[in-house]
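Okay, structure first, notes after.
Each chain gets a letter, A, B and so on, in the order the sequences are listed, and its residues count up from 1. Predicted model, so just to flag it, every value in this text is computed and none were measured.
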Protein chains: 2
Amino acid sequence: MVWKAATFNVNGIRARLPLLLEWLQEQRPHVACLQEIKCQDKDFPHDAFVEAGYHVVWKGQKSFNGVAVLTTDPPQEVVRETDREVLDGEARFLAVKTCGVWVINTYVPQGRSPQDPAFGYKLAFLKETAQWIDARFAPDVPLLWTGDINVAPDPQDVYDPQRLDGEVGFHPEERRLFKEILGWGLVDLFRHLHPDEKQFTFWDYRLPRSVQRNLGWRLDHMLVTEPLAQAARDCRVDMTPRQKPKPSDHTPLVAVFHLDALSVSSPG
Amino acid sequence: MVWKAATFNVNGIRARLPLLLEWLQEQRPHVACLQEIKCQDKDFPHDAFVEAGYHVVWKGQKSFNGVAVLTTDPPQEVVRETDREVLDGEARFLAVKTCGVWVINTYVPQGRSPQDPAFGYKLAFLKETAQWIDARFAPDVPLLWTGDINVAPDPQDVYDPQRLDGEVGFHPEERRLFKEILGWGLVDLFRHLHPDEKQFTFWDYRLPRSVQRNLGWRLDHMLVTEPLAQAARDCRVDMTPRQKPKPSDHTPLVAVFHLDALSVSSPG
DNA sequence: GACAAAGGAG
DNA sequence: CTCCTTTGTC
């Protein structure tokens, strides 16, 4: 089958509901990983997604964070608790197996500033997620770690690498860790398919006309194991939601895979 | 000329701007008196009304109250300060002369409860407005006192007169004062033209499905002197804005006058 | 239930 | 700049 996956930091699912529903109908991804839903479980607009034809798994929190995974096919497995304090302490982690693929959806902490304890938490969160994946899966399993990773790995992934060097999101330590994580057996799919493209997934609300001036960052990623990398046919940023009224500060990243091309040997 | 006047408690002019502009284009009143604009002077969306073809006079206040008068013809005179503490203390009073008619726009205090000092303030506000009019005008002058008066004068003006008797907005003391004010030489135009109609201009947001069940109050009025009463051709409630998405809790009251029929002897 | 404001966050 | 929360008002 042709399988479409998407990640979208919605920055408030209630505020973004009309835009998100419209986008889902246009794109019809088989799996959509959402971050920053910013609501408690009881306030999640579950019915709207069911009416749109999706199965929904979500993990909410008051005010901040919160992640959700929408799937057209019923999830085969769901992991909402890892028993790792760093991953479970806030609503930032959700894993779902759908269509034979394990999808790990994370909202990695932003980090606030390199001096802030939040930065240590960010690095720990990245390490723990990688460790959790390593403990459960091998690199030959079809696996997609996606979400708002909050790291721009390379100079071409920020609008002004000179000026932003050392800033949170483009700090040498997180960039090194990002590469180290890929070393386990993950491919940065967008960069893999578009080695030279300067494309972003986030533009700060606070910078005036940041979208028009393209003052962005590539923070949202699809990290895939080798079998999925070989099955990939497309991975691109969809700018349209960021250009509409009442946008999120992020825009979706979408990928297409030919799952039939997979030599599946899933242990999970 | 055929002259159309309207009053509309918008409950937040910024939140109501799309609805209000649409309604102005449909109705095209020569004068529109707005209450509860709920913004400071600097935040008033002046340009939007100028683009819609209106002259605008407004008196704002942070968070609460605030009144405005829109006119197609430039105002001939404007009164923003009365030198009466009760009328000037909060942004609830604005008077404009347009097309030869004096239009007094008030947002009368709601009163909170009959025991609350706010109720005394409400009664004082009504008396002071009547006194101010008496000091400046005679009953033979074309004059329109309109706005959210916050008094339902008669049993047919509330959805359940038994249950609501003594409640603020339908308290014997305010109803008596309302009648006393009419005694000076003002006509309750809607009731004058429709002696038996049970029609409302306000439905509480807090009552579930209050509009569908018609659990309303007639709180917004057009009080006119005799010459205007004789010039009146129509006075009706426009339900449509209250039935649209994101409505105010009030809906407009609209009247039409044949000003040529006036024997004008304006001293003001 | 829906406004506006003030405070915290990205 | 845009979220969400809390408080106050009607």
(request) Specify the residues of residues 110-120 of chain B, ordered by number, for which at least one heavy atom lies under 4.0 angstrom from an atom of DNA chain D. (result)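 The stretch gives B:Q110, B:R112 as the residues lying under 4.0 Å from the strand, ordered by number.
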(message) Please enumerate all residues that pass ring-ring contact (aromatic ring centres under 6.0 Å, His included) together with A:W145, with sequence neighbours excluded.
(response)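 ring-ring contact (aromatic ring centres under 6.0 Å, His included) list for A:W145, sorted by chain: empty.
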(message) Under the rule for ring-ring contact (aromatic ring centres under 6.0 Å, His included), what residues qualify as partners of A:F190, not counting sequence neighbours?
(response)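 In terms of ring-ring contact (aromatic ring centres under 6.0 Å, His included), with neighbours along the sequence ignored, A:F190 is linked to A:H194.
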Could you check whether [Y] and [X] have their ring centres less than 6.0 Å apart?
X      : Y      : value
A:Y159 : A:W203 : no
A:F93  : A:W132 : yes
A:W58  : A:H46  : yes

(request) Grab the two heavy atoms, one from B:P29 and one from B:A6, that are nearest each other, plus how far apart they are. (result)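 Scanning both residues, the minimum pair turns out to be CB-CB, 4.1 Å.
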(request) Sequence neighbours left out, what passes side chain to side chain donor-acceptor pair (under 3.5 Å) with A:R191? Give chain and number order. (result)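 For A:R191 the side chain to side chain donor-acceptor pair (under 3.5 Å) partners, ignoring immediate neighbours, are A:D157.
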Rounded at 0.5 Å granularity, tell me how far [atom1] in [X] sits from [atom2] in [Y].
X      : Y      : atom1 : atom2 : value
B:L17  : B:L20  : CG    : CG    : 6.5 Å
A:C33  : A:I104 : SG    : CD1   : 9.0 Å
B:L215 : B:S210 : CG    : OG    : 6.0 Å

Which atom pairs, one a donor and one an acceptor, fall under 3.5 Å between side chains of residues 173-182 of chain B and the rest of the protein, sequence neighbours left out?
unit_1: B:E174; atom_1: OE1; unit_2: B:K122; atom_2: NZ; d: 2.6
unit_1: B:E174; atom_1: OE1; unit_2: B:G169; atom_2: N; d: 3.4
unit_1: B:E174; atom_1: OE2; unit_2: B:G169; atom_2: N; d: 2.6
unit_1: B:E174; atom_1: OE2; unit_2: B:H171; atom_2: N; d: 3.4
unit_1: B:R175; atom_1: NE; unit_2: B:P153; atom_2: O; d: 2.9
unit_1: B:R176; atom_1: NH1; unit_2: B:E180; atom_2: OE1; d: 3.3
unit_1: B:K179; atom_1: NZ; unit_2: B:D154; atom_2: OD1; d: 3.0

(request) Mind checking side-chain contact (heavy atoms from CB on, under 4.5 Å) for B:Q162 and listing every partner two or more places apart, or none if nothing turns up? (result)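 B:Q162 satisfies side-chain contact (heavy atoms from CB on, under 4.5 Å) with B:D160 once adjacent residues are dropped.
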(request) Would you grab the first and last nucleotide of DNA chain D (5' to 3') that comes under 4.0 Å of any non-hydrogen atom in chain B? (result)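 So the outermost contacting nucleotides come out as D:dT9 to D:dC10.
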(message) Does anything in residues 57-68 of chain B come within less than 4.0 Å of DNA chain C? Heavy atoms only, and list the residues if so.
(response)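 Heavy-atom contacts with DNA chain C come from B:K62, B:S63.
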(message) Any residue in residues 202-209 of chain B with a heavy atom nearer than 4.0 angstrom to DNA chain C? Just list them by number, or reply none.
(response)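 B:Y205, B:R206 - these, ordered by number, are the residues of the stretch whose heavy atoms sit under 4.0 Å from the strand.
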(request) Identify which one of A:R112, A:Q110, A:Q115 satisfies the side-chain contact (heavy atoms from CB on, under 4.5 Å) criterion when paired with A:V168. (result)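 Filter result, single survivor: A:Q110.
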(message) Please list all pairs meeting salt bridge (Lys or Arg N to Asp or Glu O under 4.0 Å) that have one or both residues in residues 61-70 of chain A, counting only residues at least two apart or in different chains.
(response)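 Every candidate salt bridge (Lys or Arg N to Asp or Glu O under 4.0 Å) pair involving residues 61-70 of chain A fails, so no pair, neighbours aside, qualifies.
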Under 3.5 Å, sequence neighbours excluded: what are the donor-acceptor pairs made by side chains of residues 84-92 of chain A?
unit_1: A:R84; atom_1: NH1; unit_2: A:E128; atom_2: OE1; d: 2.9
unit_1: A:R84; atom_1: NH1; unit_2: A:Q131; atom_2: OE1; d: 3.4
unit_1: A:D88; atom_1: OD1; unit_2: A:T82; atom_2: N; d: 3.0
unit_1: A:D88; atom_1: OD1; unit_2: A:T82; atom_2: OG1; d: 3.0
unit_1: A:D88; atom_1: OD2; unit_2: A:T82; atom_2: N; d: 2.9
unit_1: A:D88; atom_1: OD2; unit_2: A:T82; atom_2: OG1; d: 3.4
unit_1: A:D88; atom_1: OD2; unit_2: A:D83; atom_2: N; d: 2.7
unit_1: A:E90; atom_1: OE1; unit_2: A:N65; atom_2: ND2; d: 3.4
unit_1: A:E90; atom_1: OE1; unit_2: A:R92; atom_2: NE; d: 2.7
unit_1: A:E90; atom_1: OE1; unit_2: A:R92; atom_2: NH2; d: 3.1
unit_1: A:E90; atom_1: OE1; unit_2: A:Y121; atom_2: OH; d: 3.4
unit_1: A:R92; atom_1: NH1; unit_2: A:Y107; atom_2: O; d: 2.9
unit_1: A:R92; atom_1: NH2; unit_2: A:N65; atom_2: OD1; d: 3.1

(request) Tell me, please, the opening and closing nucleotides of DNA chain C, 5' to 3', among those with an atom under 4.0 angstrom from a non-hydrogen atom of chain B. (result)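 Range of nucleotides within reach of chain B: C:dG1 to C:dA6.
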